[in-house]
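Contents: one structure, followed by commentary.
Throughout, protein chains are lettered first and strands after them, A, B, ... in sequence-line order, and every chain is numbered starting at 1.
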Amino acid sequence: MQSYEHKEIEKKWQEAWERENIYKTPLQSKEKKKYYVLAEFTYPSGNLHVGHWYAFTGPDIYARYMRMKGYNVFYPNGYDAFGLPAENAAIERGLNPRIWTRGNIETMQKQFNTLGASFDSSSMLETCDPKYYKWTQWMFLKFKERGFAYQANTPVNWCPSCKTVLANEQVHQGHCDRCDNIVEQRAMKQWMMAITKYADKLYDDLNNLQWPESIKEAQRNWIGRTYGSRISFSISSSTKNENNTIDIFTTRADTLFGVTYIVLAPEHPYITKLIESNALENIIEVREYISATQKKSNLDRTSNKEKTGVQLKGIIAINPANGGEMSVWIADYVLADYGTGAVMAVPAHDERDFEFAKKYNLEIKNVISYINSSLDKNTAMIHDGVLVNSGEFSGMSSNEARTKITKHVNGKMTKMYRMRDWVLSRQRYWGTPIPIIHCSKCGAVSVPEKDLPVVLPDLDDFMPREDGKSPLSKATDWVNVMCPICGEKAERETDTMDTFIDSSWYFLRFLDPNNAETFSDKNIMEKWMPVDFYFGGAEHTTMHLLYSRFWHKVLFDIGLVGDNEPYLRRINRGLILGSDGNKMSKSKGNVIDPDEVVSKLGADTVRMYLAFMGPYGEVGNYPWDPNGVVGVHRFLERVWRTHNILSKENIPSTTKLLHKTIGHVERSITELKYNTAISGLMIFMNHIEKEKSITHDVYKTFLQLLAPFAPHITEELWRMFGETTSIHLSQWPVVDETLLHDDEVTIAVQVNGKVRGQIVVGVRELEKNVVDKAFNDVKVANFLEGKKVLKQIYVPGKIINFVV
RNA sequence: GCCGGGAUGGCGGAAUUGGCAGACGCACACGACUCAAAAUCGUGCGGAGUAAUCCAUGGGAGUUCGAUUCUCCCUCCCGGCACCA
């Protein structure tokens, strides 16, 4: 018979599957239980690389397995087509981003076809398609109606290289997530999403999700919920008759008696008021400090931990606990946008306050004593203990005192979040236009629903600008419109949306990508949501994964979707590294081109190899081993050759191993241990080669087990046996439990916990007989000679241990 | 600093969750086939030792008849957060 011609076989079946439409999901069908497998959709960056193969074969194996298990599986694919990198790449090449993106999608679509993935191709969508972003805009307006989308003048992250603002999530250690440049702070009026309103829901509902603990924990860290107290300090001026209060947030209300000064962030709004009312004696000094702070980037501000500050001379604060008078300062170690932008300083029990107090010679008052002497002397100061010098609260534990003291000074127990609202405006061309018209009379007016979508105009010059204005502002024909309310001259909003908004709801549109009446059919969503299994990359943990949960929760509260969480199970895959163990990069010259390997060894081989490298669900990073791929290819060739040794006669040991293998492969797939599933298949194959015989039925069952991993070769062989429907639509084999039963079992014999021999015994053999047999084993006998057995432990089917 | 996850042969990784550590694959060595090479097949392959045997799952203690698995301490690596009050 002919040899394994992967090229021919793969092309043939890819075309046939498409023609026969075998992966089209009957979304309306009620016969089978639904299962929605989602892989993060693709950014059309140019070419499919190994990472794409890895990202899509993992979920594909799962989808194929679930389909064979009898589920109605939906596994869609599309393109996250708007965005900065595409725009940057287009600029570099002097192309319009639309053309650049179009070309990439076409190339990548062709490459996707070679992967042998079981996508439902009718679900295809692109976020840059007006048919899609019409609904992105529609949702934005719904969010705005309810106050979740709002405009605010706030300090924002500005990337001087990408020339746009960024959300906090898109800044890492002070650097732009896209281009790695240092991010500046600018005060700009921007559209924001009130994600902090959902902080508690986002935090608490994590408990209901089947997600790896590491992902949940990363989101909790990002949300950063802290419990504490909000306490008011009254402020008075020594010269003016000026009285006011400043609210602070603290987790350590128990240390209130130890507060010796108050610090405000330089941006605190009260300072402007003080300057205006001329209440300060050192206005010039204060102004200088504020402008010096403004010049610093956040990175400067946080990386230089040397404390600086200026006293607000002319005002004092009163400690509400004991009436003591204290100085008030501004210092840039206090952040304007966390808590209330003001802190009470307890230098005796806070390292930062301590440092500041030392530098400016401020009082340090100890109010906590530590019973736990095991604490390090240097860090003990910040721990809980027992109150001293705290009036009636002296002697109380920190924990108890926190609530009691807060109550005593009319404070409030409250919580704070590290997460900030999501800045969604982008001063870039290639994104969904924000559907707003600015009217000098009516303000920011929503574009009426009938006028949606606001189509992104074609521009010749879409270069980003230094001045913080969007390139769209140059499209004057497009910008100048009538106000939908008053009919006067007005201007369109020229910023576009963060692409993370586009991707916050795409999985809903997959279900109904061509609907012109609504963003997705309600009945279909009801049946298919939430997503059962979401596969993606770790980089989205505190970005897309958080944003889309927020988005979905709002849709749920508005009544547009029926679930408050979009994804039940989630997994972050690892990274495929170059052969040298480094991240693949052109500069290192260690990039593996999947197309090359596929043409040489075939898609089935590449898929199998990727699955075989290690467990899929853990963020393991696996180096690509060119020899390893060849090893997997060898295996497939052996599978192919096996059709030459078909026989009529069944070997009992083969049947038994087959059923063991069914169970093993099944368990491994559900646990995403594709590597052990494949090793099980290899073990079975090794057995067949040794026996040099296999029956049709056993071979076919084996092919079914292999089918999710190597869909083409298995289909070819399956049909060779006269099957007329696809192996991928066949029923997953059922384990015959009665065959798994062993009559005899090999158990280890231990002496003092060390293995000294092996014996074969009947499964239900009496302990007495097993002991006899063990004693008669020559090697064991050697170790028992002249010794007295004190105790014996017999675990049936596993082990017998003699303690001597 | 806080939180989460890790560490097993030359390499990727197995180990039914407390019961024979190193499955499966790669690499390597030897052998068969070949004029030769490749491919293929066979054998071996954690370390030491001729062997019996001993030592080995990052290091140290502990629990246990028995620990890669559980507990405590330490080292290192990866990831998240971080002047967040």
d([atom1], [X]; [atom2], [N]) in whole Å:
| X | N | atom1 | atom2 | result |
| --- | --- | --- | --- | --- |
| A:Phe612 | B:G13 | CZ | C1' | 8 Å |
| A:Arg667 | B:A15 | CZ | P | 11 Å |
| A:Tyr622 | B:C78 | OH | P | 17 Å |
| A:Lys660 | B:U16 | NZ | C1' | 11 Å |
| A:His383 | B:G1 | NE2 | C1' | 10 Å |
| A:Leu335 | B:A82 | CG | P | 10 Å |
| A:Glu355 | B:C83 | CD | C1' | 9 Å |
| A:Lys690 | B:U43 | NZ | P | 9 Å |

Side-chain donor/acceptor of [X] to base of [N], under 3.5 Å:
| X | N | value |
| --- | --- | --- |
| A:Lys307 | B:C83 | yes |
| A:Asn627 | B:C26 | no |
| A:Glu213 | B:G5 | no |
| A:Gln758 | B:C20 | yes |

Whether [X] engages the ring of [Y] as a cation-pi pair (distance to the six-membered ring centre under 6.0 angstrom, angle to the ring normal within 45°) should be assessed.
| X | Y | result |
| --- | --- | --- |
| A:Arg225 | A:Tyr417 | no |
| A:Lys307 | A:Tyr333 | yes |
| A:Arg756 | A:Phe783 | yes |
| A:Arg549 | A:Trp211 | yes |

[N] and [M]: how far apart are their [atom1] atoms, nearest whole angstrom?
| N | M | atom1 | result |
| --- | --- | --- | --- |
| B:G18 | B:A67 | P | 14 Å |
| B:A51 | B:A37 | C1' | 40 Å |
| B:C76 | B:A85 | C1' | 33 Å |
| B:A38 | B:C28 | P | 11 Å |

If [N] has a Watson-Crick or G-U wobble mate with both distances under 3.5 Å, name it; if not, just say none.
| N | value |
| --- | --- |
| B:A51 | none |
| B:C76 | B:G6 |
| B:C81 | B:G1 |
| B:A38 | none |
| B:G19 | B:C65 |
| B:G44 | B:C28 |

Let me know, please, whether A:Glu637 or A:Asp300 comes out on the 5' side of the other along RNA chain B by nearest nucleotide.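 Here A:Glu637 is the residue nearer the 5' end.
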Can you say whether the rings of A:Tyr360 and A:Phe356 are parallel (under 30°), tilted (30 to 60°) or perpendicular (over 60°)?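 Taking A:Phe356 first and then A:Tyr360, their aromatic rings sit tilted (interplane angle of 30° to 60°).
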Begin with the C-alpha distance, continue with both residues' side-chain angles, and end with the deciding distance and a verdict on side chain to side chain donor-acceptor pair (under 3.5 Å) for A:Asp247 and A:Ser232. CA-CA 4 Å; A:Asp247 280 8; A:Ser232 291; 2.6 Å; yes
When syn is taken as a glycosidic angle within 90 degrees of 0, is B:G9 syn or anti?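 What B:G9 shows is a syn base, its glycosidic angle lying within 90° of 0.
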Should B:U17 be called syn or anti, with syn set as within 90° of 0?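 In terms of base orientation relative to the sugar, B:U17 is syn.
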